[in-house]
A.B. asks: 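I have a structure here, written as structure tokens, and I will follow up with some questions on it.
Each chain gets a letter, A, B and so on, in the order the sequences are listed, and its residues count up from 1.
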There are 4 protein chains.
Amino acid sequence: MRGFGMHTVNDVGWIEKDRPACGPLDAIIRPTIVAPCSSDTHASHGGSGPKTEMILGHEAVGIVDEVGASVTRFKVGDYVAVPCVTPDWLEPGVQNTTAFTHDVRMFGSFKFLGVKDGTMAEFFHVNQADANLALIPEGVSPEAALMTVDMMSTGFRGAELAEIEAGDTVVVIGIGPVGLMAIAGAALMGAGRIIAVGTRPKAMEIATSYGASEFISYKDGPLLDQVMARTDGKGPHKVIIAGGDGKTLGEAVAMTRPTGIISNINFYDVSDKVEFPMLWWGLGMADKTIRGTFCTGGAERIVRLMDMIKYGRIDPTLMITHKFDGFDQLPEAFDLMDKKSPDLIKPIVYLR
Amino acid sequence: MRGFGMHTVNDVGWIEKDRPACGPLDAIIRPTIVAPCSSDTHASHGGSGPKTEMILGHEAVGIVDEVGASVTRFKVGDYVAVPCVTPDWLEPGVQNTTAFTHDVRMFGSFKFLGVKDGTMAEFFHVNQADANLALIPEGVSPEAALMTVDMMSTGFRGAELAEIEAGDTVVVIGIGPVGLMAIAGAALMGAGRIIAVGTRPKAMEIATSYGASEFISYKDGPLLDQVMARTDGKGPHKVIIAGGDGKTLGEAVAMTRPTGIISNINFYDVSDKVEFPMLWWGLGMADKTIRGTFCTGGAERIVRLMDMIKYGRIDPTLMITHKFDGFDQLPEAFDLMDKKSPDLIKPIVYLR
Amino acid sequence: MRGFGMHTVNDVGWIEKDRPACGPLDAIIRPTIVAPCSSDTHASHGGSGPKTEMILGHEAVGIVDEVGASVTRFKVGDYVAVPCVTPDWLEPGVQNTTAFTHDVRMFGSFKFLGVKDGTMAEFFHVNQADANLALIPEGVSPEAALMTVDMMSTGFRGAELAEIEAGDTVVVIGIGPVGLMAIAGAALMGAGRIIAVGTRPKAMEIATSYGASEFISYKDGPLLDQVMARTDGKGPHKVIIAGGDGKTLGEAVAMTRPTGIISNINFYDVSDKVEFPMLWWGLGMADKTIRGTFCTGGAERIVRLMDMIKYGRIDPTLMITHKFDGFDQLPEAFDLMDKKSPDLIKPIVYLR
Amino acid sequence: MRGFGMHTVNDVGWIEKDRPACGPLDAIIRPTIVAPCSSDTHASHGGSGPKTEMILGHEAVGIVDEVGASVTRFKVGDYVAVPCVTPDWLEPGVQNTTAFTHDVRMFGSFKFLGVKDGTMAEFFHVNQADANLALIPEGVSPEAALMTVDMMSTGFRGAELAEIEAGDTVVVIGIGPVGLMAIAGAALMGAGRIIAVGTRPKAMEIATSYGASEFISYKDGPLLDQVMARTDGKGPHKVIIAGGDGKTLGEAVAMTRPTGIISNINFYDVSDKVEFPMLWWGLGMADKTIRGTFCTGGAERIVRLMDMIKYGRIDPTLMITHKFDGFDQLPEAFDLMDKKSPDLIKPIVYLR
């Protein structure tokens, strides 16, 4: 079968591989729509280590093409959304967390890009299908379902970790797709004022739809100063970080008011550092909680997010700015994501 | 000064009293708009015990008319919203709770109707003004602010106690004003599907605006059966009770799925009983949590709710179905609330 | 192989069966020590329905005798503790709970006594061995490990659901083995004063070792009155129920102070009712939370409890009042548990 | 009256002042025993800014000598413990936190050393006595009560912020008095293994009494390496930091396993920095939560801690290694704390 991936670091292209084998608990999926993500392009540049001949992609919806002998909840032909985080539920590591993201080691539950081929192929493999597949329900389009498997799950997780309370003032740093979903998540979990950090007009327009109250720009001076000026020197109750570097994290800590939470869903570079004055963290005593994570693993999460779409709480397809039709368009879509054109939020590719 | 209240049980009318005295920490408010509530009519029929010559009312916005010598955050002329629950913050009881509702004894923080005269008067008293008054900010109408002091705070508290998680299926029993705000609260805290129980067309219309997905009626058979039928026999994750009696509570417990929460914001009659088969609670082992409370006390809560209005998360004035103009209209507004006409959600009275 | 169980309701005895088959994810255990539990005797009298020819028992430690082809973390000869609750980790139901007790339906994760034969046999079956077995570590005796699989896990869960905070006054109703572990759990999670309800001298002696501060007896009048008298009319912050009936639950609700928690780990009879005056629950508004559950499923829980033993936090073997030596002693041990002699806390049977 | 304090930075001695005035809500206390703390010596060297002629001390028990006209719960002659954090309960800031530590600004609730004279005087002032004083109950010695007002409250807060769960492996860095109380707190909230970092023999002996399982020393190499070696490369579930600098914080983050918590109760120097590789925090995605705070304000906290002493859960007086008799001994006790002799844990001074 054919897939699109990395031959080696900084060298992407078509890869020919055997169709993956299906273990007794597993399923093989024929993807119908995939969405390249910046984690894929990041991996292609070596962000997941020096991988070779690895098919990329971790966001997909598709048709069940084969199920293992022990699978009871799915059958060939089912139309499913596939969470990008698919834990090994038999590892006790999942019993020590509510988010099921680190099964056997840190990031262990994130199998695509890590320990196996991804979703940008004619077929891909899903471990433990009964626990890691979600049927797309009536009332949810495949495109919308596709947005739940990483973007919406990760963005909402950012809002959840921030423990948004009714009327919180929230700063969301970054308005790429994850930041946009963090804005939507914050609004849907009770935020009052949402101050978003970003400048791209298309992203700002969508951010407003999802609940952003106002915008500030890096270009207008230090974020810390701008946020403090707009909040009477008090700072926000919560900050969600969906962009930037270690310096941004420091500013986020500094601006958060005592008893607040800094929630990070940004993936930093391996060369980056956490570095800020202790004074910004109240010399260790300010009751400012700093957290960071990625999206929750397993099917239940996706079922819930699709229910939010089905019952009209959110339309994540507003983020889909570019659509490509056909398997052969994968390289172009990938290239678009890699170059991040100013009007791009999220591209999808129909594989049919 | 003149006020409207109960001479004795089941006998309401005008009451002439001295203007209340202002202690050093306190404030005297001249109400501009008040809203009669079913707790007021309930009290008038003896629900708070055999009170005599007590001015009723606990929902008001108004102008600060006098402040005690130690008050630092408010001055005469400020336009404020007054939380209906005004704790004595010097009682250690507030240090043992996050909701500040039971300062010195059960319900101790609810001073109006309980230990002093209410808000339906030319002037009323607020204890510990610095902690119990909230300035109405620019961008929030006095009418909207008035809806926060009890209805919105109580309804949202119902959603909070239910610990709504992203994608929860929620049943809200009762679509009076508190139930409507519970629906809005559930939707604003992440609910997916919201099944509302109620039949009045006006209330159903508003409930839909606030996020109800569908409706069921008591008239169509036992709630339990109807809810189980609509949820594939699984039941909702959460139930918020804003109406009914002890029998309703039992049905709510029975329908909730294991690990779910039953959150009560309904005020039951003193003669009522909790009574249901143990089997409905999984013989004590179903992980179904049963909770009940009323609204959070203090100014901070109201500040946060007004921020949600200011930043466009909700418009609670949709609930205001009847407006009365002038102090002399108090008896008529009160009578309307007492008789609960079918098209009534919430009446307000401009006192000017 | 031979096992001890129920031929039918109220008729126990030896049962001859085939050794259970081992699926690819599973393990077969040769028990070395088992502990009859009141749930077993309850089941023998029809408490789990009209079961026939079912081997009883759900508490055991033993030697791994066979592992399925896919099992990676255990091998034949390993000495393991077996949690009495062994979820099917591939059911999405476990993804919606932190306690993993209701996988596919209410109580679904409790396989023994429910859907398969129990542990009082020459061999027994454990589903999903990698996730549901725990190696007994150096420094933990098999007898101590045996106490973790249900008694300690359930009793501690009662304390956990009660969300014990530093200095809480806690009432524990019932001082059988689960109540004793609730006392130990409460003391180990920060309780101040612990008032235990029970009268048997042996149990009181052990309860004192585990942290009970004082005792009250049903025989000295209503619990409610006695507890209120001893707590200056304020009531405890938390109540853990490990005995009694629906009436006891009502009293527990009544005595708990506003903002408190009633945590139930008692298994009620199917004919029992929840029934108490609404006034005892503050007419629905007292902020008194009522919860009930059984023990947390999976290996991780047992690993943690064994660590508490290893590092000297608790010695659960104090509860072992009777030891029987040999497979043939199972009927006698079972009979002792069924009749509950006054000096019995927990019997164990060495099967060798 | 006479007090002991700082004339200016690095110049301590006797200070003569007027007895403080008692506001209507306040009380004046005549201390009977005080305990110098490293925060006092830190302040004397400029740690709280360039204060002049300020009486030091914030840990005291004593006799109520005067109460304001509005005080209802205390009277002259009562023997009380005084929490070192005494919030202004009329500031809405306390309504936005469960720990009541930041009333009007960061650290606002910590009045001693900050905005007024401390406790090392013939008399000292307590704001809002009804909410900020705690009667010493029968069964608790004044010396034990004295240990609750800062050391025990802060150390336990460290364990609370770490959200200790049954069987957690916990590392406690630092075994000064706050670290010792963190060890005791962790053990009393369910920890399994407790690895303590420290070398002083006297402190190690007391740490063992409070529950430390084992010790490691800075002198034997990097903490990170030592902890990973002892935990099979997994790291602890939780780390409580009660000593060290910004570098220590980084190591704590690195060693904590994913989903774990780093809880800081160490007061860092104003010149210190948070600085560690992003990789140690899982590039922002490791689910490692970093928190820091100081002790909970108000009377309720102290009442609860004294109850834990009364009911035998802990004896904090083990920490008292040096006793001084008489007001005139204050300079010597202060000097001892300033120099931190190897065998010193906590000195107290009887003022009589």
A.B. asks: Check each atom of B:Ile314 against the heavy atoms of chain A and say whether the ones under 4.5 Å are side chain, backbone, both or neither.
C.D. replies: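 It is neither, since no heavy atom gets under 4.5 Å.
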
A.B. asks: Does anything in residues 177-189 of chain B get under 4.5 Å of chain A by heavy atoms, and if so which residues?
C.D. replies: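 Within residues 177-189 of chain B, the residues under 4.5 Å from chain A are B:Ala187, B:Leu188, B:Met189.
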
A.B. asks: Non-hydrogen atoms of chain B under 4.5 Å away: do they reach the side chain of A:Ile194, the backbone, both or neither?
C.D. replies: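 Contact with chain B involves both backbone and side-chain atoms of A:Ile194.
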
A.B. asks: For A:Ala203, what residues pass the side chain to side chain contact (heavy atoms under 4.5 Å, CB included) criterion, not counting sequence neighbours?
C.D. replies: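 Partners of A:Ala203 under the side chain to side chain contact (heavy atoms under 4.5 Å, CB included) test: A:Ile175, A:Arg200, A:Ile345.
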
A.B. asks: Going through the checks in order, is the side-chain contact (heavy atoms from CB on, under 4.5 Å) test met by A:Val61 and A:Val80?
C.D. replies: CA-CA 6 Å; A:Val61 294; A:Val80 294; over 6 Å; no

A.B. asks: Just how far is it from atom CD1 of B:Ile206 to atom CE of B:Met319, taken to the nearest 0.5 Å?
C.D. replies: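 Answer rounded to 0.5 Å: 8.0 Å.
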
A.B. asks: Show the nearest heavy-atom pair for residues A:Val71 and A:Ala129, with the distance to one decimal.
C.D. replies: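 That closest heavy-atom pairing would be CG2-CB, 4.1 Å.
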
A.B. asks: So which atom in A:Ile261 and which in A:Ala162 form the shortest heavy-atom distance, rounded to 0.1 Å?
C.D. replies: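 Closest pair (atom of A:Ile261, atom of A:Ala162, distance): CD1-O, 3.5 Å.
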
A.B. asks: Using only the distance criterion (under 3.5 Å, no hydrogens considered), which donor-acceptor pairs connect chain A with chain B?
C.D. replies:
{"from": "A:Ala166", "atom 1": "O", "to": "B:Arg304", "atom 2": "NH1", "distance (Å)": "2.9"}
{"from": "A:Asp168", "atom 1": "OD1", "to": "B:Arg304", "atom 2": "NH1", "distance (Å)": "2.9"}
{"from": "A:Asp168", "atom 1": "OD1", "to": "B:Arg304", "atom 2": "NH2", "distance (Å)": "3.1"}
{"from": "A:Leu188", "atom 1": "O", "to": "B:Met189", "atom 2": "N", "distance (Å)": "3.3"}
{"from": "A:Leu188", "atom 1": "O", "to": "B:Gly190", "atom 2": "N", "distance (Å)": "2.8"}
{"from": "A:Met189", "atom 1": "N", "to": "B:Leu188", "atom 2": "O", "distance (Å)": "3.3"}
{"from": "A:Gly190", "atom 1": "N", "to": "B:Leu188", "atom 2": "O", "distance (Å)": "2.8"}
{"from": "A:Ala191", "atom 1": "O", "to": "B:Arg313", "atom 2": "NE", "distance (Å)": "3.3"}
{"from": "A:Gly192", "atom 1": "O", "to": "B:Arg313", "atom 2": "NE", "distance (Å)": "2.8"}
{"from": "A:Gly192", "atom 1": "O", "to": "B:Arg313", "atom 2": "NH2", "distance (Å)": "2.8"}
{"from": "A:Arg193", "atom 1": "NE", "to": "B:Tyr311", "atom 2": "OH", "distance (Å)": "3.4"}
{"from": "A:Gly211", "atom 1": "O", "to": "B:Arg313", "atom 2": "NH1", "distance (Å)": "3.0"}
{"from": "A:Gly211", "atom 1": "O", "to": "B:Arg313", "atom 2": "NH2", "distance (Å)": "2.7"}
{"from": "A:Ser213", "atom 1": "OG", "to": "B:Arg313", "atom 2": "NH2", "distance (Å)": "3.4"}
{"from": "A:His237", "atom 1": "NE2", "to": "B:Arg304", "atom 2": "NH2", "distance (Å)": "3.2"}
{"from": "A:Arg304", "atom 1": "NH1", "to": "B:Ala166", "atom 2": "O", "distance (Å)": "2.9"}
{"from": "A:Arg304", "atom 1": "NH1", "to": "B:Asp168", "atom 2": "OD1", "distance (Å)": "2.9"}
{"from": "A:Arg304", "atom 1": "NH2", "to": "B:Asp168", "atom 2": "OD1", "distance (Å)": "3.1"}
{"from": "A:Arg304", "atom 1": "NH2", "to": "B:His237", "atom 2": "NE2", "distance (Å)": "3.3"}
{"from": "A:Tyr311", "atom 1": "OH", "to": "B:Arg193", "atom 2": "NE", "distance (Å)": "3.4"}
{"from": "A:Arg313", "atom 1": "NE", "to": "B:Ala191", "atom 2": "O", "distance (Å)": "3.3"}
{"from": "A:Arg313", "atom 1": "NE", "to": "B:Gly192", "atom 2": "O", "distance (Å)": "2.8"}
{"from": "A:Arg313", "atom 1": "NH1", "to": "B:Gly211", "atom 2": "O", "distance (Å)": "3.0"}
{"from": "A:Arg313", "atom 1": "NH2", "to": "B:Gly192", "atom 2": "O", "distance (Å)": "2.8"}
{"from": "A:Arg313", "atom 1": "NH2", "to": "B:Gly211", "atom 2": "O", "distance (Å)": "2.7"}
{"from": "A:Arg313", "atom 1": "NH2", "to": "B:Ser213", "atom 2": "OG", "distance (Å)": "3.3"}

A.B. asks: From the options B:Ile216, B:Leu223, B:Ile262, select the one residue that forms a side chain to side chain contact (heavy atoms under 4.5 Å, CB included) with B:Ile173.
C.D. replies: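 Going through B:Ile216, B:Leu223, B:Ile262 one by one, the side chain to side chain contact (heavy atoms under 4.5 Å, CB included) with B:Ile173 is satisfied by B:Leu223 alone.
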
A.B. asks: Any side-chain heavy-atom pair from A:Val170 and A:Ile195 closer than 4.5 angstrom?
C.D. replies: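 No - every pair of side-chain heavy atoms lies 4.5 Å or more apart.
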
A.B. asks: Starting at CD1 of B:Ile240, measure out to CG of B:Leu161 and round the result to the nearest 0.5 Å.
C.D. replies: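 Result: 9.0 Å between the selected atoms.
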
A.B. asks: Identify the heavy atoms of A:Ala144 and A:Ile309 that sit nearest to each other, and give their distance.
C.D. replies: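 Minimum heavy-atom contact is O-CD1, 3.8 Å.
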
A.B. asks: How far does CG of B:Leu305 sit from SG of B:Cys295, to the nearest 0.5 angstrom?
C.D. replies: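 The CG atom of B:Leu305 sits 9.5 Å away from the SG atom of B:Cys295.
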
A.B. asks: With only heavy atoms counted, which part of B:Ala191 is less than 4.5 Å from chain A, the side chain, the backbone, both or neither?
C.D. replies: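 When you check distances to chain A, only backbone atoms of B:Ala191 fall under 4.5 Å.
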
A.B. asks: Pairs in or reaching into residues 172-191 of chain B: which pass salt bridge (Lys or Arg N to Asp or Glu O under 4.0 Å), with residues at least two apart or in two chains?
C.D. replies: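 Every pair satisfying salt bridge (Lys or Arg N to Asp or Glu O under 4.0 Å) with a residue in residues 172-191 of chain B: there are none.
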
